[in-house]
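The sequence lines fix the lettering, A, B, ..., with proteins before strands; numbering per chain opens at 1.
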Amino acid sequence: MADLSRLNEKQKEAVLSTEGPLLILAGAGSGKTGTVIHRIAHLIDDCGVSPFSILAITFTNKAAGEMRDRVDAMIGTNAAGIWVSTFHAMCARILRRHAEYLGFTRNFTIYDTDDQKTLMRQLIREKNLDTKMFRERGVLAVISAAKNNRKTADDFYKESVGDYRNMQIAELFRMYQEALLKNDAMDFDDLLNYAIDLLSGFPEVLNYYQERFRYIMVDEYQDTNTAQFELVRLLAGKYRNLCVVGDDDQSIYAFRGANIENILGFEKEYPGAKVIRLEQNYRSTGNILDVANALIKNNHGRKPKSLWTERQGGAKVHYDRYQSAKEEAFRTVREIEKLRDRGADLNEIAVLYRTNAQSRVLEESFIRENVPYHLIGGVNFYQRAEIKDMIAYLKTVESARDDIAVRRIINVPKRAIGKTTVDRITAWAGERDLGFFEACTQADRIPGLGSAAAKKVIGFTGLIGELRKAPDDGIAGLMRRILDETGYIAELKATQTIEDQTRIENLEEFISKAADYEEKSGGEETSLAEFLEEISLVADIDSLDDGSGRVALMTLHSSKGLEFDYVFLTGLEAGLFPSFRSVNDIENNGLEEERRLCYVGITRAKKELFLSSARERMVNGETMRQGRSQFLDEIPADLLDDRTPEEDMPRRGFAFGGSIDGDDSGGDFGYRGFSGRGAGAGTGYGSDSYHGMSERYRKAHGGAGGPGFGKQFPSYDEETARFRKSVLGGGGAKSGAKKTLPDYGVGDLVRHAKFGDGKVLVITEDKRDYMVTVDFEDFGIKKMLAGFAKLEKI
DNA sequence: GGGCCTCAAGTTTTT
DNA sequence: CTTGAGGCCC
């Protein structure tokens with residue numbers, strides 16, 4: 001018997017309503033996931049439903065993972081038969097089994113955003129369109145919106161007649177779909193649409209899945225788009241045992257085509273549907289909930305509801321306005337250290353922000369303060385150039401059907417095959433309706449191609465041929481051979497740059513991931529296509545709750561569905577959050593979506609919530625003065641513990657040298673050192689690229705922190721003064737101080753307090769100090785300032 | 001014909 | 001601050 005004793009009446013009712021359509025309107029923190037888990041347990045334990053008949057669809061991999069874990073914990077091994085999956089992963093899995101019906105092979109690959117852009121760029125060029133007017137990003141956005149509404153290129157063309165731009169886009173749309181089919185690839189939207197085509201076009205397939213999934217649950221239903229709605233409608237069409245869970249106040253994906261009508265109109269689509277409201281919040285304190293309610297009240301067009309809690313009071317919601325984003329980052333970390341000193345578990349702390357770009361300055365502070373953190377989302381490991389090169393090689397060795405992949409690697413590493421040659425091959429292949437790789441194998445027959453060029457191209461196809469002949473020792477084995485035999489690794493090793501060292505490490509990591517994957521599938525034939533699918537669809541498998549004691553850093557969007565004892569909601573600034581684009585998007589009620597996003601962020605907090613904003617922030621390499629977020633003004637002042645010191649309020653009498661946003665407030669903050677480039681406000685990381693840097697951040701907590709703050713940093717309290725000291729003066733790498741040549745040289749063994757022993761690879765001279773690159777035995781290659789790192793020769 | 005360098009333009013959120 | 005496109009030199 002499933003134990004329902006800990007559920008409230010509404011939750012119990014939801015658990016026991018197993019037959020027919022059911023809509024659970026579950027407010028934030030109302031025990032939604034627990035209810036769904038209990039419902040699954042009840043179906044299996046008490047209703048005799050086979051686990052194989054249950055399908056649970058979530059929106060993100062994190063949510064799917066969490067549900068899987070909790071179901072496993074409650075039901076045990078029996079749970080293995082349940083499909084718990086995201087929409088996209090589910091579709092990929094179904095499509096793989098029936099891909100031939102749609103003209104794909106079962107080894108079709110999935111295009112990510114970069115692949116889409118590459119293809120679209122090429123099509124725009126092919127059509128000789130003005131690249132200023134038709135940017136791949138914009139074109140793809142229009143196409144994606146159409147696809148999310150189940151429109152084909154033809155549909156889109158018909159409704160675009162008379163509109164030059166849209167007619168051109170319709171044509172690109174058609175070419176794009178054709179190219180994908182030819183390349184045996186699908187994009188994210190295609191996964192949904194082709195799955196629908198499969199189910200609606202092949203009754204026996206539909207029947208199979210309808211019989212298979214007699215009980216269907218969909219989480220975060222407010223975020224489903226039209227295609228997802230249709231997919232669910234098909235699958236549930238026979239037995240109608242469909243349970244959807246959602247909260248219109250947490251709808252934050254309209255920009256991706258989510259249609260709020262799916263949840264608001266559920267009862268219309270499924271007459272006789274039962275509706276259960278879960279309105280008791282078990283997560284947050286009364287004070288946090290009051291703030292959330294006060295904010296969301298400003299939205300119109302929502303289902304009226306009243307979230308309540310028995311846990312009145314609690315700590316007040318804090319608000320701090322800092323001078324700069326750097327200070328905000330530093331003080332946030334300091335606040336976290338205080339919580340840690342009070343016994344808080346770092347796993348129970350999250351720092352949230354509106355845009356991924358904001359994570360960087362936070363990371364710097366976490367590193368400097370040596371507080372372990374974990375970056376969720378952001379720049380994906382699998383999007384790094386070297387990883388994508390490897391994937392392109394794997395695809396080419398396997399089938400070479402993907403022209404984009406072949407073109408990507410034809411000159412990587414450099415083989416002196418240039419753009420002109422590639423264009424000529426492309427044109428020739430197009431005339432003959434051949435694949436790009438096939439055309440390459442016949443390069444000597446392509447007119448206009450010199451014999452030298454043809455020879456190089458044939459050399460490339462020969463190389464791929466050699467790789468194909470090699471013994472089958474798995475994906476990892478193939479990867480290693482690719483690196484060796486193509487000269488890829490040799491090229492990276494030759495340069496001796498830190499970036500290329502990082503790339504080598506990334507490739508090693510990729511190979512070990514492949515090895516893990518093969519091991520996991522226990523000797524079974526492992527398909528490259530499935531491995532690549534996992535990469536593109538289940539990329540952020542990194543479990544949050546891994547007990548590693550790290551603070552989670554993520555966007556507000558990523559935070560949905562999660563909860564933490566302590567939540568820091570940063571960057572509450574006008575133009576940033578709500579973003580200025582959304583504020584201007586009146587047509588789609590963009591501001592209301594931002595407000596829901598803020599509501600989501602607030603309601604992640606269980607015990608304490610910290611809001612903050614900065615007066616100054618670097619945006620796209622430019623220091624901008626930032627106003628307060630309007631959301632702060634929507635929260636009654638008596639609910640906030642506004643800790644912004646009096647003396648920190650804007651002072652008058654200084655001209656800021658040209659008002660940036662033309663707004664009122666007038667004051668200057670004495671920040672000359674910060675404004676503008678080249679004023680010493682760099683991050684002190686030398687020539688590292690963003691990717692290389694971020695990668696190192698992720699791997700090493702406490703890495704090569706460097707000084708680099710502006711010189712004029714007005715202190716306004718003791719803590720800031722300490723901050724200045726620790727950053728500007730304390731480390732030993734002071735601006736203007738004389739630098740001393742380290743007593744070690746290249747090749748020497750050195751010891752670092754945190755990283756242990758390593759070998760010095762490179763020493764370069766910086767304006768203020770020496771930059772030392774060390775290969776540590778246990779931590780890999782790090783770059784650090786000599787004065788800061790205090791390396792000891794051994 | 002290829003490769004390197006400079007210049008310009010763009011930047012929300014995710015599967 | 002990053003990526004892409006175009007120009008120029010080898």
Any A/Ser558 side-chain N or O less than 4.0 Å from OP1/OP2 of B/dT14 = yes
Under 4.0 Å between a Lys/Arg side-chain N and an Asp/Glu carboxylate O for A/Arg96 and A/Glu533?
-> yes
Does A/Arg302 come within less than 4.0 Å of A/Glu592, counting only side-chain N to carboxylate O?
-> no
Could you tell me how far apart [X] ([atom1]) and [N] ([atom2]) are, to the nearest whole angstrom?
X	N	atom1	atom2	value
A/Ile57	B/dT15	CD1	C1'	14 Å
A/Lys419	C/dG4	NZ	P	14 Å
A/Arg93	B/dT15	CZ	P	19 Å
A/Lys117	C/dA5	NZ	P	12 Å
A/Asn356	B/dT15	CG	P	11 Å
A/Phe188	B/dT13	CZ	C1'	15 Å
A/Arg121	C/dA5	CZ	P	5 Å
A/Ile252	B/dT13	CD1	C1'	8 Å

Base, sugar-phosphate, or nothing: which does [X] touch, judged by heavy atoms less than 4.0 Å apart?
X	answer
A/Tyr253	sugar-phosphate
A/Asp189	nothing
A/Gly138	nothing
A/Thr421	sugar-phosphate
A/Phe577	nothing

Side chain of A/Phe255: nearest nucleotide among B/dG2, B/dT13, B/dT11?
-> B/dT13
So, do A/Asn183 and A/Tyr111 sit near enough that their side-chain heavy atoms are less than 4.5 Å apart?
-> yes
Side-chain contact test, heavy atoms from C-beta onward, threshold under 4.5 Å: evaluate it for A/Phe577 versus A/Thr570 and give yes or no.
-> no
Salt bridge (charged side-chain N to carboxylate O under 4.0 Å, His left out) filter on A/Arg628, not counting sequence neighbours, yields A/Asp633
